[in-house]
2 protein chains.
Amino acid sequence: MFYTVGEAAKMLKVAPSALRYYDKEGLLPFVERSGGGIRMFKENDLEWLKLIGCLKATGMPIKGIKQFIECTIKGDETIDERLGILKAQRENVVKQIEQLKAHLEMIDYKVWYYQTAQRAGSTAAIEQLSADDVPEKYKKFLKK
Amino acid sequence: MFYTVGEAAKMLKVAPSALRYYDKEGLLPFVERSGGGIRMFKENDLEWLKLIGCLKATGMPIKGIKQFIECTIKGDETIDERLGILKAQRENVVKQIEQLKAHLEMIDYKVWYYQTAQRAGSTAAIEQLSADDVPEKYKKFLKK
DNA sequence: ATATAAGTTAAAGAATACTTTAAGTCAATA
DNA sequence: TATTGACTTAAAGTATTCTTTAACTTATAT
């Protein structure tokens with residue numbers, strides 16, 4: 001069973017032009033063509049595209065993804081390299097999550113700040129608060 | 001105590017050109033100038049820049065940040081709007097973290113896959129594995 | 001057989017976030 | 001006072017990731 005670029009795009013919820021772009025950039029060397037030159041996506045190709053989507057969504061640039069795909073084409077001699085790429089990306093993602101959690105704390109503090117300002121009717125009122133009025137977890141954001 | 005653009009950039013670990021760009025885009029209306037036209041960053045301006053960095057790192061575009069900054073300039077009449085922006089961004093970040101965690105699982109599966117391939121000396125060997133050989137948490141990534 | 005929808009390519013365009021360049025000014029030190 | 005390093009601006013350049021356009025072809029449905 002095969003899918004055209006439009007069908008595959010719909011299933012993956014991306015634009016057909018995006019899939020053509022990935023192909024042009026060398027990310028889809030495994031996608032075969034019909035006699036007339038039309039791309040024929042197999043079920044397994046969609047799995048590859050899901051991995052590509054995962055790597056993309058976790059910040060890997062197209063060129064990095066291309067390197068990984070090229071490794072899989074080369075075969076078993078690149079197992080170490082592929083593992084290395086994935087381990088690095090894993091650490092990368094762990095750090096991104098940590099970073100986002102830290103940023104979330106700051107945003108939470110600001111939400112608390114404006115909720116408090118909302119009740120008081122002004123932001124000026126907050127500067128008057130004593131340290132005791134600030135929840136413990138937000139104290140680290142206070143400037144002296 | 002004031003800092004020049006170069007000093008502020010060093011403290012925030014960004015390029016001076018980035019700070020000038022933010023200024024040009026209207027993100028730093030609070031930064032004052034010397035008689036000669038040189039930017040004078042106050043301690044409090046650096047706090048603002050940390051918030052800008054937080055919003056940027058969590059995916060808010062320059063224009064969105066500009067909107068928030070403009071609200072703070074307008075004053076107390078925009079407390080609701082600012083709170084709305086921050087709450088939306090908060091939800092945004094929560095979703096990003098969830099997404100990254102989901103992607104991390106897929107990467108973890110792939111790491112397991114290539115570690116197993118590494119031991120076997122080939123990826124072909126993995127396709128021969130029975131479902132029992134695949135850790136429970138990775139089974140959802142198996143294609144039938 | 002023919003019309004039509006969707007496919008193809010190359011090339012140009014768009015959006016975002018900066019960086020670099022060029023020409024000139026400011027401010028601190030010798 | 002003169003030099004020097006860092007500042008200023010406007011404008012152009014860069015990188016990335018697609019999208020759009022134009023001209024043409026393929027494949028399907030009547």
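Remember, it's a predicted structure, so these values are computed and weren't measured experimentally. To find a chain, count down the sequence lines: A is the first, B the second, and so on, and within it residues start at 1.
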What's the CG-P distance between L28(B) and dA17(C), to the nearest Å?
14 Å
Under 4.0 Å between a Lys/Arg side-chain N and an Asp/Glu carboxylate O for D23(B) and R33(B)?
yes
Round to a whole Å and report the spacing from OH of Y21(B) to P of dA15(D).
17 Å
Note: E81(A)-K74(A) ion pair, threshold 4.0 Å (strictly below):
no
Short side-chain to backbone donor-acceptor contact, S122(B) and A125(B), under 3.5 Å:
yes
Side-chain N or O of R20(B) less than 4.0 angstrom from OP1 or OP2 on dT9(D)?
no
Does the structure place the NZ or CZ of K110(B) under 6.0 Å from the centre of the six-membered ring of Y113(B), at an angle of no more than 45° from the ring's axis?
yes
Indicate, with yes or no, if Y22(B) and L12(B) share a hydrophobic cluster defined by side-chain heavy-atom contacts under 4.5 Å among Ile, Leu, Val, Met, Phe, Trp and Tyr.
yes
OP1 or OP2 of dC18(C) under 4.0 Å from side-chain N/O of Y22(B):
yes
If you count heavy atoms of other groups shown closer than 6.0 angstrom to CD of E47(A), is the number above 12?
yes
Determine: side-chain N/O of T4(A) to OP1/OP2 of dG7(C), distance under 4.0 Å, yes or no.
yes
Whole angstrom value for the distance that separates P of dA15(D) from CD of E25(A):
14 Å
Map K24(B) and E7(B) onto DNA chain D by nearest heavy atom, then report which one ends up closer to the 5' terminus.
E7(B)
Could you check how far CG of L19(B) sits from P of dT9(D), rounded to whole Å?
12 Å
What's the CZ-P distance between F2(A) and dA27(D), to the nearest Å?
13 Å
Using heavy atoms and a sub-4.0 Å distance, could you list which residues of residues 31-67 of chain B are near DNA chain D? By number, please.
R33(B), G37(B), I38(B), R39(B)
Within this structure, what is the CG-to-P distance between L27(B) and dT16(C), rounded to whole angstrom?
14 Å
I want to verify a distance call: between dT19(C), dT20(D), dT8(C), whose nearest atom is closest to the V5(A) side chain?
dT8(C)
Tell me if the NZ atom of K139(A) is crowded by more than 12 foreign heavy atoms within 6.0 Å.
yes
